[in-house]
Amino acid sequence: AMGSTDEQVLWTCNEDWANSGNCESNGLFYVESTNSFLYSFYTNNSLVEVSRDTGESMWWAGDVRNGYEFDPADSEFEWQHGVSYTETGTLLVSTEAINNSGYTTMVREYTVDHDSETLTEVWNFDPDVYAGTNGDAWRLENGNTLHVIGSAGHVVEVNPDSEVIWHLNFGDDHLMGRGEFINDLYTLAKGSY
């Protein structure tokens with residue numbers, strides 16, 4: 001419970017997804033509207049939404065058996081990072097993929113249809129940059145998407161038409177995991193004094 005110092009186990013990968021392989025996680029996103037957690041497991045290319053009230057798996061998708069399907073089938077995420085819901089309820093994922101140049105790390109956006117148990121890709125953005133690990137994807141208030149491209153050391157803001165607004169390249173020797181857009185650093189710094 002909020003404010004409690006007692007630990008309570010809500011869900012475990014090994015109990016709920018027995019024999020699913022490695023259960024190494026790289027993301028936990030709280031969903032206030034449903035009081036649930038969106039939980040990402042990159043080593044078995046899966047994610048699950050868990051009810052905070054009951055500890056039950058609400059739905060899952062990826063390589064773990066009996067999960068939601070992908071439409072189209074080749075839009076399935078792999079080695080995903082930075083999973084989150086947008087304000088409109090779509091799912092954003094930074095994921096490994098293959099394009100004409102080879103491996104890439106792209107953003108995929110899905111609608112989640114619980115009736116048909118399907119994740120339908122509605123948008124994607126491919127920066128043609130590959131990160132072997134880490135990354136993040138967030139929908140900004142202005143409707144654009146912020147994509148942090150993990151171990152490649154890139155950050156990109158892209159609009160809904162997949163036009164790059166700005167692109168920052170720190171180089172391959174900078175590992176970036178999570179990213180958050182801050183409108184005004186001065187206000188942020190001023191509030192901390």
Side-chain angles (χ1 to χ4, degrees), residues 9-100 103-127 131 135-149 158-163 178:
V9 176
L10 294 177
W11 186 94
T12 67
C13 181
N14 290 327
E15 287 179 16
D16 285 58
W17 288 349
N19 303 313
S20 63
N22 294 327
C23 290
E24 296 177 55
S25 174
N26 63 359
L28 185 66
F29 179 82
Y30 177 65
V31 186
E32 186 174 5
S33 62
T34 55
N35 194 29
S36 61
F37 296 102
L38 193 57
Y39 204 4
S40 173
F41 295 91
Y42 64 101
T43 54
N44 60 23
N45 302 318
S46 298
L47 61 86
V48 61
E49 188 165 350
V50 176
S51 168
R52 186 170 176 259
D53 295 323
T54 67
E56 298 291 320
S57 300
M58 298 164 60
W59 69 274
W60 66 88
D63 289 351
V64 174
R65 293 180 306 142
N66 302 319
Y68 283 18
E69 299 292 324
F70 290 84
D71 182 20
D74 66 354
S75 69
E76 184 171 347
F77 47 74
E78 182 177 332
W79 204 254
Q80 76 285 346
H81 287 73
V83 299
S84 65
Y85 281 122
T86 67
E87 282 192 17
T88 60
T90 58
L91 177 69
L92 276 182
V93 178
S94 176
T95 179
E96 186 174 278
I98 296 176
N99 65 15
N100 294 334
Y103 281 102
T104 188
T105 300
M106 67 189 308
V107 177
R108 293 190 188 274
E109 181 176 7
Y110 307 91
T111 58
V112 181
D113 186 330
H114 299 296
D115 293 330
S116 68
E117 298 186 350
T118 304
L119 271 63
T120 301
E121 186 181 62
V122 294
W123 179 79
N124 68 58
F125 171 70
D126 182 358
D136 208 356
W138 290 101
R139 182 61 40 82
L140 303 175
E141 289 180 12
N142 64 7
N144 293 345
T145 301
L146 183 69
H147 188 197
V148 178
I149 311 171
V158 59
N159 70 18
D161 295 323
S162 298
E163 298 170 336
R178 303 289 292 173

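This one's a predicted model, so the numbers in the text were calculated from it and none came from an experiment.
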Looking just at side-chain N and O atoms, do [X] and [Y] make a donor-acceptor pair shorter than 3.5 Å?
X	Y	answer
Ser57	Trp11	yes
Glu96	Tyr103	no
Asp113	Thr118	no
Ser36	Arg52	no

Closest contact, heavy atoms only, [X] versus [Y]:
X	Y	value
Asn35	Tyr30	OD1-OH, 2.7 Å
Tyr42	Glu24	OH-OE1, 3.0 Å
Ser40	Gln80	OG-NE2, 3.1 Å
Pro127	Ile149	CG-CD1, 3.6 Å
Gly62	Glu76	C-OE2, 3.6 Å
His81	Gly135	CB-O, 3.5 Å

Would the distance check show the side chain of [X] and the main-chain N or O of [Y] forming a donor-acceptor pair, the cut-off being under 3.5 Å?
X	Y	answer
Asn45	Trp79	yes
Ser94	Gly82	no
Asn44	Asp63	no
Thr95	Val93	no
Glu117	Glu69	no
Thr111	Thr90	no
Thr104	Met106	no

* Got Glu49 and Thr34 here, is their nearest side-chain heavy-atom distance under 4.5 Å? -> yes

* To do: Would you check if Ser33 and Tyr85 make a side-chain contact, meaning some heavy-atom pair closer than 4.5 Å?
  => no

* Between Phe125 and Trp123, what is the ring plane arrangement, given parallel below 30°, perpendicular above 60°, and tilted in between? -> parallel

* Asked: So with a 6.0 Å cut-off around CG of Asn100, is the heavy-atom count from everything else above 12?
  -> no

Measure the spacing between [atom1] of [X] and [atom2] of [Y] and express it to the nearest 0.5 Å.
X	Y	atom1	atom2	value
Ile98	Asp126	CD1	CG	11.5 Å
His114	Met58	NE2	CE	6.5 Å
Glu109	Ser75	CD	OG	12.0 Å
Asp136	Leu92	CG	CG	9.5 Å
Leu119	Leu47	CG	CG	7.0 Å

* State which residues pass side-chain hydrogen bond (donor to acceptor under 3.5 Å, both in side chains) with Thr88; sequence neighbours excluded, sorted by chain then number. =>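 By the side-chain hydrogen bond (donor to acceptor under 3.5 Å, both in side chains) rule, Thr88 matches Thr86.
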
* Can you name the side-chain hydrogen bond (donor to acceptor under 3.5 Å, both in side chains) partners of Asn144, sequence neighbours left out? -> Glu157

* To do: Begin from the C-alpha positions of Leu38 and Leu91 and carry the test side-chain contact (heavy atoms from CB on, under 4.5 Å) through to its verdict.
  => CA-CA 10 Å; Leu38 193 57; Leu91 177 69; 3.4 Å; yes

* To do: Please determine which of Tyr110, Trp60, Phe77, Trp59 meets the ring pair (Phe, Tyr, Trp, His ring centres under 6.0 Å) test together with Tyr68.
  =>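 Answer after filtering Tyr110, Trp60, Phe77, Trp59: Trp59.
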
